[in-house]
Structure formats: structure tokens, C-alpha cells
Amino acid sequence: MQTPILRQQGAGCVPGFSASKRRCSRPQQHQAVSCRAQKGQQVSAAAAVEAPVQQSVGLNEEELPDPNAAEDFALTLPDMSKTVLGVILGGGAGSRLYPLTKKRAKPAVPLGANYRLIDIPVSNCINSNVNKIYVLTQFNSASLNRHLSQAYNANVGGYTARGFVEVLAASQRTESKAWFQGTADAVRQYLWLFDAAIRDGVEDFLILSGDHLYRMNYQDFVHRHRMSNADITVAALPCNEKQASAFGLMKIDDHGKILEFAEKPNGDALKAMQVDTTVLGLDPARAAQEPYIASMGIYVLKASAIRQLLNESFPDANDFGSEVIPGAQAMGKHIQAYLFDGYWEDIGTIEAFYSSNLALTDHPNPAFSFYDRDAPIYTMSRFLPPSKVQDAEVRNSILGDGSVIRAGCRINHSVIGLRSLISEGCTVDDALIMGSDYYETVDECALVPGCLPMGLGPGCTVRKCIIDKNSRIGADVQIINKEGVSESNRENEGFVIKDGIVVVIKDSIIPNNTII
């Protein structure tokens, strides 16, 4: 069975290009169109399904169509649910996001009131018809495993689809007692398992990160990868000079093939990495403003290449971005760039995480929104009651399910998470409150000294802070960073300050009348 490359754009349309460069043509019904047709040869639909695109076209590299130009024909690909394996890298200990990662894996950190970080790449995969998904992690994976099993496995898999979303935790083996040493090493340690997927027809590995916020159609990404006959394709973000020095940059030729890598260059080395981004689809005005392309840490690799690179060419390499991919380019592998011209944010630090969450409340056009009917972000079905607001003022904020905002509260530019209790007379400004994992009974509350309930007590004022789940904030508490401290580790008191943001640690108790 064949499915169109682009589920939402219509047959033959290629997203990511300016209007002047976007062209569509519709193939005749029941006809698979390939590059071979340009040579006067007929290719059946069955033949197009049975072989990868680069094998069926019958052209050498010089004759291949430019993968970054809009085609004059539409192309159908084999079902991506059978030919692409999604591998989401959960990252290390999450020290930059600590203390949010104290009791959970980084991809399990709550996001946008109702979601978790892992929901972003998993939802992008599902919306792109990639339904074989592994999540690799080695730190505090219990809550992540529980979330994924309850949110996705009953819906992604089936008797015929054979889809799944599974956590692969680091484990010791007979040949090695080491834990994951990096992104490439994590994949290498589970190649024995991925071999089964290759035998079942997987042709490409889609390598993703678990701490990015973006919405992307991977079908076009994989399509470009196959059309270019690349060994590896790297998702690239256009950026200006000020942004570029914070990223790993790439230099490309006139066909989008990567010629050089540079990690966070400055000065003359930075200027040397300028490229003509019109090659990848930007219009000339944008290209002049954003003459650099930065790696997003998102890759497509041929299944045939990944084993060679990890086990033979670079058996000791630990990281894809800094070791394997630059090394593959140096040894002559075809590394292609793919332009992603949309919102993308690495939310691996407290400051970036805080800012990205509050940016969801921007009005009327936030940079990222969960309100997209064609590409929704999925999460666990919790069957919670609607939130209740009792004679309170709520402005430019997001309320998670099952929350209660009591009388006299004023909430502005904040994100209020699941099952949050905001008691009478509270003021909440520029705050991220994650809520609670469960509703507490009176008997459970009685076990806590003073029966201090989870949530904000009466008369609290909180500003520019993150309050993690199940925290108990007493009456008349002020969390306002009164002294303007940038960094402070007061974990024994239930909070830390990072980048000037107060972070109350999960399950902490902040007594009545405390001023932070």
C-alpha cells in the first residue's frame, strides 16, 4: 500500500519553500511517477513500492534531480510506518534543567500545562506516519516509561500496524558494563535490537532529541533524504550572525550537500561559514538576513550506513553531532542539509524552558501553539474535570485540566498545570505552576505537618518562578526573588535559583509567611 508523501499539503506540494518556488503537479490516478519517467521509461506502482527511491530511479548522482528544488512531478513513497524507525534520544542527567530533572528523566518534564516534553517528538512522528518509536534514556526513567505506555501504546500499535512507543533504558551487557556515553553510543548499544526492524523493512533511522519544542512534518524530511540519495541528512535552521555563534554551523554547496562543519565559531571563522540559503528554499530577502544554517540535532540516516559508521568507521565515537557526522563527511559520505523554516527551540536550560512555556500565552499569535487541528500534539488521556475559576481574574494565561482558581486571585501571563489549587487572594505573575500528580484526600493531607495542602495557600504572591509538581506553598508566602539573586542553591530549603528564576523543587514544603 502506498501513501502520499505529504498528508496535509495535497499531492505533489512541497512545504518549506517560498510561493515563487512552490510548484505542484498531480499524477494520474493509480500511477507512481519517478525520475525514470523523465528518461522515457515507464515504472509501475508496484516497482516503486518494492524498491527505495534511490534504487528505482536508475540514475547516477550527477543525474539526480536537485533535492532542494521544487519538482515538476509528484512522487509516492512506501508507507513510512514500515520503512522508518524513530529513535528519540532522552539525553543525559539533565543537569542544565536541574532541579526539574531531580526525580524524572528530562523528556518527562511537564510542558504547557497538560503535556510533557516527550509528547513533542512522539506527536511529530505520529503525524508523519512514523509509528515505530524508541526512546533511549538512562536517568530516572520510571515516570517517562509510565507516561509513554499509558499515552501511546494502546493507540499506536495494532494487529496489523505493529506500531509501538517504547523506552530503552541503558543497561549493562556481557561485552560492556558501561552506560550510554553519548548520543551515538546509545544507538550503538541497541543496534542488536534495531537489526530486527531492518529485517522487517526499515530503510532509514530518524534520530530525534527529546528536549526540543517545534512542529515538523518528517515525511518531507525523509523524502528529501531519499531523493538526494544521501547517507545522512541533517535538519538545518536558518539564522543570523548574532544567533549563529551559539550553534554548530554547516557549509553547503549549490545542491545542499554539506562540505564543512564548525562548532560555535566566532570572528573570521564565523564569517567563513556564510552560505547562500536560497539554495535550500529561502527567498532572497530572508537569505540576506540569515546567511547561516545551524544543525538542529535532528538526522535521517540510511540503515545501511548507520551500522558501518557506528561499528566499523567510528567504533569509539560517542556523539553524532561532533564526531560521527563530521567524520562521515570527512571520509566522503554524502551528507545533505534539509531546511526547516519554522519555530524551533532547544529547551534544555531553565531559562529556555521557562521562557518557552510563558511564550505559549502570547496573544494573538504565539510562536508555538498546541491549537493545530492538522498536526495535534498528543498526550495521556487523564479524564480530569474542567478547570474552575471562582470570582478571579485570569489574563493571558493557560489553565491545565482539573484546576481550581479560588475567589480574589489575580493570574497574569502564567501557565497553571494539571490539578492546580490556587487559594483565595493569590497573585500569580509570569509564573509556571506545574500542578499535582493526583488529587489529595483529607486523610492524605493529615499526614503532612500542619495539613498543608498541595498548591498555593491563601494570600500568596509568586512572580517569575517555576513551582514543580506536588509542592505545598503555605499561606502568605512570597516567591518574588526579593534580593534579585541570579544563582543560588538552597535545595535544603526546597528551592534553587537559576538564571534569576526561582525553582521550587518537586514535593517541597514552603512554610507559611516565607519570603524568597
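Residue indices begin at 1 and follow the sequence shown. Heavy-atom basis, side chains included; hydrogens, waters and symmetry copies ignored.
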Assess whether side-chain contact (heavy atoms from CB on, under 4.5 Å) is satisfied between Asp211 and Asp346, documenting all intermediate values.
CA-CA 6 Å; Asp211 59 354; Asp346 180 349; 3.9 Å; yes
Could you go through the side-chain contact (heavy atoms from CB on, under 4.5 Å) check for Ile118 and Ile88 one step at a time?
CA-CA 9 Å; Ile118 192 63; Ile88 302 173; 3.8 Å; yes
Here the pair of heavy atoms bringing Leu280 nearest to Ala337 is CD2-O, 3.9 Å
Find the distance between OH (Tyr218) and NE2 (His225) and round it off to the nearest 0.5 Å.
15.5 Å
Would you say the side chain of His212 lies within less than 4.5 Å of the side chain of Ile120, judging by non-hydrogen atoms?
no
Are the side chain of Ser123 and the backbone N or O of Tyr378 linked by a donor-acceptor pair below 3.5 Å?
yes
Nearest heavy-atom contact between Arg96 and Gly348 is CB-O, 3.1 Å
With a sphere of 6.0 Å drawn around CD of Glu483, does it hold more than 12 non-hydrogen atoms of other residues, nucleotides or ligands?
no
Does Ser141 use its side chain to pair, donor to acceptor, with the backbone of Leu144 at less than 3.5 Å?
no
Can you say whether the rings of Phe370 and Phe368 are parallel (under 30°), tilted (30 to 60°) or perpendicular (over 60°)?
perpendicular
Locate the shortest heavy-atom distance separating Phe247 from Pro265; write the atom from each residue and the value.
O-CD, 3.9 Å
Does Asn481 reach the side chain of Cys465, with side-chain heavy atoms less than 4.5 Å apart?
no
Hey, is the main chain of His147 close enough, under 3.5 Å, to the side chain of Arg116 for a donor-acceptor pair?
no
Could you check Glu241 against Lys271 for side-chain contact (heavy atoms from CB on, under 4.5 Å), going step by step and ending with a plain yes or no?
CA-CA 8 Å; Glu241 184 169 339; Lys271 294 195 178 293; 3.2 Å; yes
Is the closest side-chain donor-acceptor distance between Tyr292 and Gln274 under 3.5 Å?
yes
Could you walk me through whether Gln308 and Lys333 pass side-chain contact (heavy atoms from CB on, under 4.5 Å), step by step?
CA-CA 11 Å; Gln308 176 196 357; Lys333 292 289 186 182; 2.8 Å; yes
Leu100 backbone acceptor or donor facing Arg104 side chain under 3.5 Å:
yes
Quick one, Glu487 and Lys498 - any side-chain contact, counting heavy atoms below 4.5 Å?
yes
So do Glu166 and Leu148 actually touch side chain to side chain, heavy atoms under 4.5 Å?
no
Do the side chains of Gln219 and Met80 get nearer than 4.5 Å, heavy atoms only?
yes
How long is the span from the CD1 atom in Ile293 to the OG1 atom in Thr277, to the nearest 0.5 Å?
8.0 Å
Do side-chain atoms of Ser414 reach the backbone of Ala431 as a donor and acceptor pair under 3.5 angstrom?
yes
Checking Asp231 side chain against His334 main chain: does a donor-acceptor pair fall under 3.5 Å?
yes
Rounded to the nearest 0.5 Å, what separation is found between the CG atom of Leu111 and the CG atom of Leu432?
9.0 Å
Are any of the side-chain heavy atoms of Ile252 and Lys257 separated by less than 4.5 Å?
no
Using modelled atom types only, decide if a donor and an acceptor are shared between the side chain of Thr361 and the backbone of Leu358 within a distance under 3.5 Å.
yes
Taking the six-membered ring where the residue is Trp, are the ring centres of Tyr134 and Tyr190 under 6.0 Å apart?
no
Please find the pair of heavy atoms, one from Ala352 and one from Glu345, that lie closest to each other, and give the distance.
CB-OE2, 4.4 Å
Quick one: do Arg286 and Asp341 make a salt bridge, cutoff under 4.0 Å?
yes
Is any side-chain heavy atom of Ser209 closer than 4.5 Å to one of Leu89?
no
Side-chain (Gln329) to main-chain (Leu259) donor-acceptor, under 3.5 angstrom
yes
Can you confirm whether Asn266 is buried at CG, in the sense that more than 12 heavy atoms of other residues, nucleotides or ligands lie under 6.0 Å from that atom?
yes
Using a 4.5 Å cut-off on heavy atoms from C-beta on, say whether the side chain of Asp220 contacts that of Tyr338.
yes
Atom pair CE/CG of Met296 and Leu237 - distance to nearest 0.5 Å
5.5 Å
Least distance between heavy atoms, Gly256 atom then Val279 atom:
N-CG1, 3.7 Å
Any side-chain donor near an acceptor of the partner, Tyr354 and Asp430, under 3.5 Å
no
CG of Leu301 to CZ of Phe205: how many Å apart, nearest 0.5 Å?
8.5 Å
Nearest-0.5 Å distance, CD1 of residue Ile347 to OH of residue Tyr214:
11.0 Å
Asn131 and Tyr152 side chains, donor-acceptor separation under 3.5 Å
no
Nearest heavy-atom pair of Thr379 and Tyr115: which atoms, and what distance?
CB-CD2, 3.7 Å
Is the side chain of Asn240 donor-acceptor paired with the backbone N or O of Glu290 at a distance under 3.5 Å, no angle test?
no
Does Asn140 use its side chain to pair, donor to acceptor, with the backbone of Lys102 at less than 3.5 Å?
yes
